[in-house]
Undergrad: 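One structure is given below, represented as structure tokens, and several questions about it will come after.
Count residues from 1 along the sequence. When a ligand or atom number is given, it counts from 1 through the structure's own listing order. Values below: every heavy atom of this structure, side chains too, minus hydrogens, waters and symmetry copies.
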Amino acid sequence: MESGSGGWAGGEACLPAVEMALEDVNSRHDILPGYTLNMTNHNSQCQPGLAMQQLYDFLYKPPTKLMLLTGCSPVTTVIAEAAPVWKLVVLSYGGSSPALSNRNRFPTLFRTHPSANMQNPTRIHIMEKFKWKRFTILMSVEEVFVTTAKDLEALARKKGIKVDRQSFYGDPVDAMKTLQRQDARIIIGLFYVTEARKVLCQAYHHGLYGRRYVWFFIGWYADTWYIPSPEEHLNCTAEQMAEAAEYHFTTESVMLSRDNAPAISKMTGGQFQERLTRHFQKDTANVGGFPEAPLAYDAVWALALAFNCTRNNLPPSIQLENFSYDNKIIADTLFQCVKNTSFRGVSGKVMFSDSGDRIARTQIEQMQGGKYKIMGYYDTTSGDLEWYNKEQWLNGRGPPPDSTVIKKHAMTVSNKFYYPTVLFAILGIAACFVIYLFTNKHRDRLIILQSQPECNNLLLVGCSLCLFSLFLIGLPSDDIFIPDSVFSILCHARVTILLFGFTFAYGSMFAKVWIVHRMGANENQQLASRQKDEPISASKFYVIVAALAAVDVFVCAVWILIDPLQLTEQKFPLLVLADSEEDEMIMPVLQQCQSNQQEVWIGIIMGFKCLLLVFGTFLSYETRNLKLRFINDSRFVGLAIYNVAVMTLVTAPVVTLLIHGKVDANFAFISLTVLICTYISIGLIYGPKIRHIIKVPPSADEVQQNGNVAPAAMSKVDQKRYDMLKKENETLQLQIEERERKIHECRERLDALTNNSESDDMNSHLLSGNNKQITDENMTYSTATTLTTTIPLIDLQNGNHPGQIYEHENDNDEDDRSSTSSDEILL
Ligand code: ABU
């Protein structure tokens with residue numbers, strides 16, 4: 001009845017209770033009149049081997065025994081398995097093992113002790129009450145606990161609660177380490193009290209106690225069970241054990257009737273306890289088996305009533321004292337009588353189910369300040385929990401979580417990046433809109449007319465789309481949450497909008513350099529030079545942009561249809577919150593748009609765009625000196641293409657390879673690229689036009705239309721050269737006028753000389769010496785036929801070639817000199 005190296009030391013209180021019951025029964029004349037019940041007892045120390053040896057001695061020594069009374073589960077198990085051999089009924093007051101409910105294995109067993117399974121619904125109910133969805137069972141490898149754990153696990157699974165199980169035999173150190181590794185927080189301990197102390201001590205040393213942990217122990221330990229006894233040599237002091245034991249819960253079947261109505265023994269539960277307490281000199285809280293003593297007392301009453309019933313039900317020829325270990329009649333009658341037992345005991349109503357189990361309520365207690373306080377009762381039959389709301393938690397904050405709370409933290413674009421980007425994007429879109437209105441208003445101006453305004457409008461649309469895509473690329477931001485259900489739509493929207501924006505913006509510029517290049521590269525130079533001045537249909541540009549957009553439409557459609565983008569979460573290492581006392585950790589999660597074959601799709605799109613960028617850059621370089629009248633901004637377009645190509649070809653690998661996973665850096669890089677590309681492109685294409693429209697009045701355009709040079713269509717360099725040559729031309733004109741004046745004077749003087757009646761010889765001599773020097777008043781004149789300077793003439797009338805300069809070289813040809821007068825050359 002007492003525990004040996006482990007087990008349950010219930011005999012300490014149960015033996016006096018049994019003796020009390022025998023005394024009470026034997027004093028009753030209405031029960032077994034003429035008989036006196038005797039008991040022979042042995043202390044099996046809860047060791048099955050010792051118990052079996054004692055059983056053999058016990059049975060083979062006279063007198064013949066009529067019934068067996070057993071204590072703890074391991075002993076009850078072996079005794080109850082063997083007892084049918086001797087046709088003996090076994091009544092257990094201390095066996096709680098659920099395995100004992102197996103009628104096939106233990107055909108003659110009854111018990112006044114409720115099954116340990118009885119507490120499992122209570123445990124599950126408490127888990128639900130405190131919203132714990134996970135717990136761990138720590139158990140000693142004994143059948144009583146293994147079967148209890150199995151039942152508990154099955155119940156938990158039905159309720160969707162996750163259960164881990166750890167078992168140990170003797171030393172719990174390894175199991176405790178595993179609990180620590182598994183991050184167990186709610187732990188249900190199933191073991192005898194000796195192991196319970198070892199577990200508590202290890203819990204103290206492993207830090208598995210306190211605010212984060214909740215322990216559930218079996219409720220039938222003595223109240224001061226956690227105080228270590230010197231002979232156990234635990235490596236923990238009583239204070240440490242008390243500290244670790246604080247706020248643990250216990251569950252145990254109610255074993256003492258709280259009813260005021262007296263039991264069959266004419267005592268109430270309370271009166272029984274008072275009477276029993278008088279047997280002990282020490283505090284009953286520390287007496288082994290004191291809680292189970294009413295069960296032992298009632299077991300004797302049940303036994304006595306069953307004998308009484310058997311005596312009354314046996315045929316007149318058979319007496320109880322005729323019982324032998326092969327007497328089936330008496331054995332069967334006794335079995336039926338025990339089975340039909342029903343009386344009010346000091347432990348409550350005593351009756352047995354078909355499997356021989358006792359039905360009882362469960363009491364839940366919590367240790368608060370070193371004392372057990374009743375928290376409530378659970379009625380297994382009705383499923384009702386009577387809860388007094390007296391539970392306490394360390395630090396006064398409600399129940400702890402059942403595991404480390406891992407809070408997902410979506411890595412979003414921070415506001416300090418998102419809002420400035422949005423602001424610039426809005427400004428950019430507004431600028432596009434204003435520019436469209438402005439150019440549309442001045443659509444009749446030559447500088448607009450000759451710049452392919454339809455194509456430029458596509459640029460504005462494309463830039464606006466690119467800028468708008470930044471709103472979506474920056475989501476989710478710190479302030480803007482995107483529900484998972486719409487994330488996929490967001491993924492597709494931002495990819496397609498950016499893609500089409502790029503195609504419209506870049507495509508419109510690409511179309512211009514392409515057409516300029518085509519015309520410049522035309523083998524028929526005459527046709528090429530004629531085409532230079534011919535208007536170009538907008539449809540040519542539309543076709544090129546539409547072709548590029550068609551590729552996008554095709555790729556996007558196939559992508560979305562066969563391998564759509566989905567929300568995926570990339571998880572990063574857990575972070576501990578520095579200022580959190582609660583059991584919380586942060587898991588950074590990067591929400592991404594991902595396809596199964598993401599790399600393939602990115603490769604196709606990026607490859608195509610890269611080719612376009614490189615090809616566009618090549619065309620821009622090739623056409624840098626070519627100019628078409630009706631694509632008057634081709635040089636600026638070329639510059640914009642260089643800019644877009646460089647920015648994009650740098651950004652794409654940086655974003656995809658180097659800063660992948662860094663949300664802010666990624667967004668900043670993309671948005672800067674988009675903003676710079678769009679702002680610069682718009683600036684280059686529209687800046688000069690707007691400046692010209694503002695500075696040059698429309699009337700100036702008319703003059704140019706009539707054939708003059710259109711300065712606005714020239715580059716700055718051309719304009720300078722034009723101004724310089726114009727000045728030079730004016731200077732030369734003045735010089736010519738001066739020389740003409742002097743020639744005129746010479747002629748006049750010559751005429752005067754002729755008229756002065758000089759001889760004819762003299763006259764003829766003078767007139768034939770065209771190349772000879774004429775000296776007059778210390779001055780020397782030479783004729784204009786000696787002019788050898790290269791004179792640039794600017795065809796001011798040929799307005800079809802703005803800034804075009806023709807160089808006309810007058811070489812010193814003798815033939816020309818003889819046939820052409822100086823006047824003709826200068827004109
Ligand atoms: N209440 C004591 C149970 C002991 C045992 O089942 O072994």
Undergrad: Which ligand 1 atoms does S73 reach within 4.0 Å, using its non-hydrogen atoms?
TA: 5 (C), 6 (O), 7 (O)

Undergrad: Hey, is R344 close enough to D259 for a salt bridge, meaning N to O under 4.0 Å?
TA: yes

Undergrad: Can you check whether F307 and Y35 have ring centres sitting under 6.0 Å from each other?
TA: no

Undergrad: For atom 7 (O) of ligand 1, grab the closest protein heavy atom and report residue, atom and distance to one decimal in Å.
TA: Y192 OH, 2.4 Å

Undergrad: Flag the pair I137 / Q166 as yes when at least one side-chain heavy-atom distance between them is below 4.5 Å, and no otherwise.
TA: no

Undergrad: Within ligand 1, which atoms have a heavy atom of G95 less than 4.0 Å away?
TA: 6 (O)

Undergrad: Is there a side-chain contact between H113 and E292, using heavy atoms and a 4.5 Å cut-off?
TA: yes

Undergrad: Can you name the atoms of ligand 1, numbered from 1 with element, that are less than 4.0 Å from a heavy atom of H113?
TA: 1 (N), 2 (C), 3 (C)

Undergrad: Anything under 30° is parallel, anything over 60° is perpendicular, the rest tilted; go ahead and classify W8 against Y93.
TA: tilted

Undergrad: Among the heavy atoms of G10, does any lie under 4.0 Å from an atom of ligand 1?
TA: no

Undergrad: So is there a nitrogen or oxygen of G94 less than 3.5 Å from a nitrogen or oxygen in ligand 1?
TA: yes

Undergrad: Between ligand 1 and S96, is the shortest N or O to N or O distance under 3.5 Å?
TA: yes

Undergrad: Could you identify the single nearest non-hydrogen protein atom to atom 2 (C) of ligand 1 and state the distance to 0.1 Å?
TA: E292 OE2, 3.2 Å

Undergrad: Any chance the side chains of Y377 and Q363 put a donor and an acceptor closer than 3.5 Å?
TA: yes

